[in-house]
Each structure stands twice: as C-alpha cells, then as structure tokens.
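Computed over heavy atoms, backbone and side chain alike; hydrogens, waters and symmetry mates excluded.
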Amino acid sequence: MAGRKALAAGLGADAALSEIETRLAAHQLEILGGFHAEEDEALPPGTKTLLLIGPKEPGFWPHMTAQPEWDGAPDPIDRWSRRALGRVACDIGAKALFPFGGPPYHPFYKWALRTGRIWDSPVRLLVHAGQGLMVSFRGALALKERIAVPPPVTKPCEGCAAPCLAACPAGALGEAGYDVPACHAYLSAGDRDCMKAGCLVRRACPVTQAYARMPEQSAYHMRQFHK
C-alpha cells in the first residue's frame with residue numbers, strides 16, 4: 001500500500017524507480033529496461049511507463065529453487081513469476097504482464113527493442129547490456145505513472161568480433177536466424193555440452209561470459225526446450 005500511495009502522490013520519478021527496484025530485489029528480480037508509452041493498443045489503457053523485468057544475478061537460481069512453486073508440478077518458474085511479480089504489481093498499483101500464458105502473447109521482443117538497453121544481436125536473438133544473450137524476461141510492469149526508466153546505453157555488439165556467429169556446432173544459429181529443427185536434431189544425437197551448461201551461441205557472447213547465471217539454470221531451460 002505504501003508503494004501505491006507513494007506513486008499516486010507523485011513521488012519523484014527517480015525515487016519511484018528506486019522503490020520498485022527495491023521491491024523487485026526481494027524476489028531476486030531486476031529491471032532490465034523500460035520506456036515511456038502513450039496510447040498503445042498492445043498495452044493496458046492508460047499505461048505511461050513499461051518496465052521489463054528479469055532475473056537478478058547473482059543468486060536467482062538458488063532463490064527460485066527454494067520457492068514453494070518448485071514442487072515437481074509443471075511450469076514452476078511461470079507460476080512463481082505470476083505470484084512474485086503479481087505481488088509487486090498489486091503493491092504499487094501496476095499491471096503485471098507476462099511472456100507466457102498465450103496465445104495471444106504480449107510483444108516482449110518489440111518492447112525490448114524500445115528500451116535502448118536490449119537489441120537484436122547478429123544471430124537475431126536479443127542481447128542485453130548486462131545479461132548478454134542470456135537475457136530472459138519474467139514479466140513486465142505497466143504503470144499509469146510516468147516514472148524514470150534506466151537510460152539507454154551503447155549496444156555491446158558495436159566493435160565486437162561477434163563470436164556468436166560461429167559458435168553453433170549444428171549451424172542452427174546465425175545471421176539467417178534460428179533453425180529450430182536443426183538444433184533439436186543436434187541435441188538428440190548424443191551427449192551435448194549445450195544440454196549441460198546452456199546454448200554455446202549464447203555462452204560465446206562476451207557480455208554473457210561476465211554474467212553470473214548458473215549453469216544449472218541454463219541446463220534446466222535446455223531440458224524444457226528439448227523435451
């Protein structure tokens with residue numbers, strides 16, 4: 001309630017952002033970027049600010065696997081995301097939006113490109129200023145207030161030798177995009193390192209290599225992808 005009252009009372013734009021960051025950090029989440037919006041049919045009516053939310057490292061995976069949703073039932077991360085981000089949204093009077101639960105699906109890819117902190121990479125996957133090619137979204141917060149958003153930064157691919165372009169042993173990821181059947185065929189053919197620690201293309205990104213995502217988390221997502 002305090003967060004909702006503070007935003008409604010016109011708490012300074014920077015202070016409002018800081019308060020939201022603090023609330024998200026309690027759930028091992030952080031703001032990956034955001035933008036100011038006017039009328040946009042893809043957003044809830046009256047949205048003035050959209051914030052994209054993702055895992056906060058280090059520490060996300062131990063936090064996630066200690067949650068009650070990690071119970072052996074399907075979709076534990078999505079169920080936890082609804083609860084955790086939904087709680088934050090309720091507390092500050094925002095609307096929580098998620099990249100799952102469709103169709104139809106919210107246009108997270110397009111939203112990401114509007115932040116000035118997430119871009120289309122040489123292999124067509126999104127690349128984030130801090131998370132590299134391991135960027136992932138747990139959801140978004142749509143606010144009716146115009147608050148500060150993380151400022152745009154320089155795209156990390158500028159001046160990069162783009163090791164991601166030659167990293168896929170199956171030739172499934174490159175400038176032409178993602179050949180999903182070729183990826184699955186490669187993963188099915190034997191004991192692949194990708195399944196143990198995550199996609200080699202994503203791991204080749206220099207920004208990714210400085211990001212503290214645990215191999216266990218990447219392995220989990222690879223298993224979900226390659227069922």
Side-chain angles (χ1 to χ4, degrees), residues 1-57 60 64 77-121 124-157 207 211:
M1 183 63 72
R4 183 183 300 176
K5 288 182 177 178
L7 290 177
L11 185 68
D14 290 335
L17 182 66
S18 179
E19 178 175 342
I20 294 172
E21 289 174 330
T22 298
R23 290 175 178 272
L24 290 169
H27 299 284
Q28 209 63 38
L29 293 168
E30 66 176 341
I31 298 169
L32 300 181
F35 59 87
H36 296 126
E38 298 304 328
E39 293 302 319
D40 185 333
E41 63 181 15
L43 294 170
T47 298
K48 294 294 188 293
T49 306
L50 188 81
L51 302 174
L52 296 181
I53 312 301
K56 181 179 176 63
E57 299 291 2
F60 174 76
M64 177 65 247
I77 304 179
D78 290 352
R79 288 186 285 121
W80 170 81
S81 298
R82 287 192 183 278
R83 176 174 64 84
L85 195 55
R87 179 72 269 169
V88 173
C90 183
D91 287 346
I92 65 173
K95 174 71 173 178
L97 308 173
F98 301 96
F100 49 83
Y105 294 97
H106 294 295
F108 271 77
Y109 193 101
K110 291 182 179 179
W111 289 345
L113 296 178
R114 296 176 65 179
T115 67
R117 301 177 70 87
I118 308 168
W119 306 267
D120 188 20
S121 75
R124 319 319 307 166
L125 301 176
L126 289 174
V127 59
H128 179 260
Q131 296 188 355
L133 290 174
M134 286 296 185
V135 61
S136 65
F137 307 111
R138 287 294 88 222
L141 292 172
L143 295 91
K144 293 187 176 181
E145 298 79 18
R146 185 181 176 92
I147 69 168
V149 297
V153 295
T154 301
K155 183 176 180 179
C157 302
V207 180
Y211 180 52

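- Rounding to the nearest 0.5 Å places OG1 of Thr154 at 7.5 Å from CH2 of Trp119.
- Judged by distance alone, the side chain of Gln131 and the main-chain N or O of Pro55 form a donor-acceptor pair under 3.5 Å.
- Separating the CG atom in Leu29 from the CG atom in Leu141 is a distance of 9.0 Å, to the nearest 0.5 Å.
- Taking the charged nitrogens against the carboxylate oxygens, Lys110 and Asp40 have no contact shorter than 4.0 Å, which rules out a salt bridge.
- Looking at Glu30 and Leu24, their side chains never come closer than 4.5 Å, going by heavy atoms from C-beta outward.
- Closest approach of Lys155 to Asp120, counting heavy atoms only: NZ-O, 2.9 Å.
- Separation of atoms CG (Leu126) and CG (Leu113) is listed at 6.0 Å; rounding is to 0.5 Å.
- Contact of the Ile31 side chain with the Glu21 side chain is registered, since non-hydrogen atoms from C-beta on lie closer than 4.5 Å.
- The side-chain heavy atoms of Arg146 and Glu38, taken from C-beta on, include a pair separated by under 4.5 Å.
- When all heavy atoms are compared, the tightest approach of Ala129 to Val207 is O-CG1, 3.5 Å.
- Within the 3.5 Å criterion, the main-chain N or O of Val127 finds no donor-acceptor partner in the side chain of Ser121.
- Closest heavy-atom contact between Arg117 and Gly33: CD-CA, 4.1 Å.
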Derivation and outcome, side-chain contact (heavy atoms from CB on, under 4.5 Å), residues Ile53 and Val88: CA-CA 11 Å; Ile53 312 301; Val88 173; over 6 Å; no
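- Checked by atom type and distance alone, the side chain of Ser81 pairs as donor or acceptor with a backbone atom of Ile77 at under 3.5 Å.
- The heavy-atom pair separating Ala37 from Leu43 by the smallest distance is CB-CD1, 3.5 Å.
- Relative orientation of the Trp80 and Phe60 rings is perpendicular, given thresholds of 30° and 60° on the angle between their planes.
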Phe137 and His128: CA distance, side-chain angles, deciding distance, side-chain contact (heavy atoms from CB on, under 4.5 Å) verdict: CA-CA 11 Å; Phe137 307 111; His128 179 260; over 6 Å; no
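- The CG atom of Asp78 lies 5.5 Å from the CZ atom of Arg138; values are rounded to the nearest 0.5 Å.
- Taking the side chain as every heavy atom from C-beta outward, Glu145 and Lys48 never approach each other to under 4.5 Å.
- Note that the CZ atom of Arg23 and the CG atom of Asp91 stand 5.0 Å from one another [nearest 0.5 Å].
- Atoms CG and CG, on Leu85 and Leu51 in that order, are 10.0 Å from each other to the nearest 0.5 Å.
- Taking both residues in full, the closest heavy atoms of Leu52 and Ala140 are given as CD2-CB, 3.8 Å, listed atom of the first, atom of the second, then distance.
- Contact annotation: the side chain of Leu32 never approaches that of Thr115 to less than 4.5 Å [non-hydrogen atoms, C-beta and beyond].
- Counting all heavy atoms, side chain and backbone alike, Pro107 lies closest to Ala42 at CG-CB, 3.9 Å.
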